[in-house]
Amino acid sequence: MLMSTTSPLERSACAKVILCGEHAVVYGRPAIAFPLSHLRARARIEPSGQSFRILAADLNRLYTAEHDADRSLIRLAAATLDFVRATHREQAGLPLAALRAQLTLRSEIPAAAHLGSSAAVSVAVARAVAAYVGHELTPAEASALAFEAEKMHHGTPSGIDNTVVAYEQPVWFVRAADESNAGAPHIDPIPINTLPHLVIADTGLSTPTRIPVGDVRRGWESTPAVYERLFDRIAEVVNAARQALLAGDWERLGRLMDDNHALLSELGVSCPELDTLCEAARRAGALGAKLSGGGRGGNMIALARDAQHAALLREQLLVAGAKRVM
Ligand code: MEV
């Protein structure tokens, strides 16, 4: 029988950055993403005298299993508990509310900045709840649970965010063929020895992913042939970027990042602030620059030649208006 622990425990999950292929990945094309292990969401869970609750400490919000059953985090916690019971062949179990525990959530990942904040929070919550009742989730299990929560937030996510966050390694990702995602996505860890020197700069504009994703969806519905052609061209860039990554050919990777940014602009998901930062990075000698993630704000990435050049790019991006640079 599953037993809940009697001492506090903490589980966490990292942020992510998309190297290339965002948006087209929602339509079955490949994309490449990297984990950002130094930026994390943390879920600490401990016994309490009351029924199950989640304190989102950064937002100062409290959600209880009794009163907020429709909240995505409470639904995720309940789904995690059900999953663990099914895995351990426990048919009948106590409802989530009967779990006398408080989960406290804190995140270092800026929200709505396209760094995978919602996926990281979901993976951390699922891991903590499962661990509390004695089960350590595998990356595939954590990713699948977080994917359900991502659907509540974003409508039609590809699944790349929850995947890279749960596996915490560079991934090549192709979503499952059908829209219901009944099939498994194709996930391929990318075995690279040297990571490219990426500088990540924040426009300071918060844009929920569902907004640009929804706009692309409407464009695709009205002129599918135009959008399918753009997605195909993005797929060519991503395939070439994988080769460049594996070969450590940073000059080529940089040019491909520029091409990807141009195609994303054609899709309508860039904005003046992202274009300004990309141009500033290129003027400062970046090998390439592009928006990363949903777009219309959030973060862009620039490829530096080495660590020293990355420091210079950082300075120039701050001068050009970046609110923060990693
Ligand atoms: C978000 O990080 C990446 C998008 O391609 C959306 C998705 O894949 O779900 C914009």
Side-chain angles (χ1 to χ4, degrees), residues 13-36 39 41 72 107 109-123 143-144 146-168 170-181 184-187 198 200 202-203 205-220 227-228 230-235 237-238 241 257 260-261 263-271 274 290-301:
C14 65
K16 66 93 209 265
V17 68
I18 296 196
L19 179 70
C20 51
E22 53 275 89
H23 287 289
V25 69
V26 175
Y27 300 83
R29 277 48 167 207
I32 298 172
F34 291 149
L36 298 175
L39 267 187
S72 59
S107 180
I109 310 169
H114 307 316
L115 294 178
S117 157
S118 66
V121 162
S122 296
V123 169
S143 179
F147 184 53
E148 295 307 310
E150 287 287 277
K151 284 192 217 163
M152 290 181 241
H153 292 133
H154 304 316
T156 57
S158 63
I160 189 169
D161 287 12
N162 45 282
T163 300
V164 65
V165 160
Y167 283 78
E168 202 161 342
V171 292
W172 166 270
F173 177 92
V174 183
R175 74 174 297 167
D178 56 32
E179 286 274 308
S180 70
N181 262 286
H186 179 82
I187 305 160
L198 286 181
I200 305 172
D202 195 345
T203 57
L205 295 178
S206 301
T207 309
T209 307
R210 73 185 132 72
I211 293 177
V213 167
D215 288 349
V216 171
R217 169 81 33 172
R218 278 183 286 282
W220 175 71
Y227 278 72
E228 287 290 331
L230 280 170
F231 298 149
D232 283 342
R233 286 167 65 199
I234 292 176
V237 167
V238 177
M257 286 167 62
N260 197 172
H261 184 78
L263 290 164
L264 287 164
S265 299
E266 277 190 59
L267 269 187
V269 295
S270 192
C271 63
L274 283 164
K290 65 179 279 293
L291 70 86
S292 177
R296 299 271 177 73
N299 282 268
M300 55 75 70
I301 54 176

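In listed order, ligands and their atoms are each counted from 1.
- No side-chain heavy atom of K16 sits under 4.5 Å from any side-chain heavy atom of V171.
- Side-chain atoms of R296 come within 3.5 Å of backbone N or O of G268 as a donor-acceptor pair.
- None of E150, H114, H153, E22 except one satisfies the side chain to side chain contact (heavy atoms under 4.5 Å, CB included) rule with D161; the exception is E150.
- By the 4.0 Å heavy-atom criterion, H114 is excluded from the residues contacting ligand 1.
- Any N or O atom pair closer than 3.5 Å counts here, and D161 shares at least one such pair with ligand 1.
- Pairing each heavy atom of L39 with each of P110, the nearest pair is CD1-CD, 4.4 Å.
- Interface atoms of ligand 1 facing E22, defined by a heavy-atom separation under 4.0 Å, are 5 (O).
- Of all heavy-atom pairs between H23 and L264, the closest is CD2-CD2, 4.1 Å.
- Every atom of ligand 1 with a heavy atom of I18 under 4.0 Å away is listed here by number and element: 2 (O), 3 (C).
- In the vicinity of V25, heavy-atom distances shorter than 4.0 Å reach the ligand 1 atoms 5 (O), 8 (O).
- For the pair P30 and W172, the tightest heavy-atom approach, listed with the atom from each and the gap, is CB-CZ2, 3.4 Å.
- Atoms of ligand 1 lying under 4.0 Å from any heavy atom of I160, numbered from 1 in the order shown and given with element: 8 (O).
- Residue P157 has at least one heavy-atom neighbour below 4.0 Å for each of these atoms of ligand 1: 9 (O).
- Among protein heavy atoms, the minimum distance from atom 5 (O) of ligand 1 is reached at H23 N, 2.8 Å.
- Using 4.0 Å as the threshold, K16 has a heavy atom nearer than that to some atom of ligand 1.
- Contact between V269 and P212 at its shortest, heavy atoms only, is CG1-CB, 4.0 Å.
- Closest protein heavy atom to atom 8 (O) of ligand 1: S158 OG, 2.6 Å.
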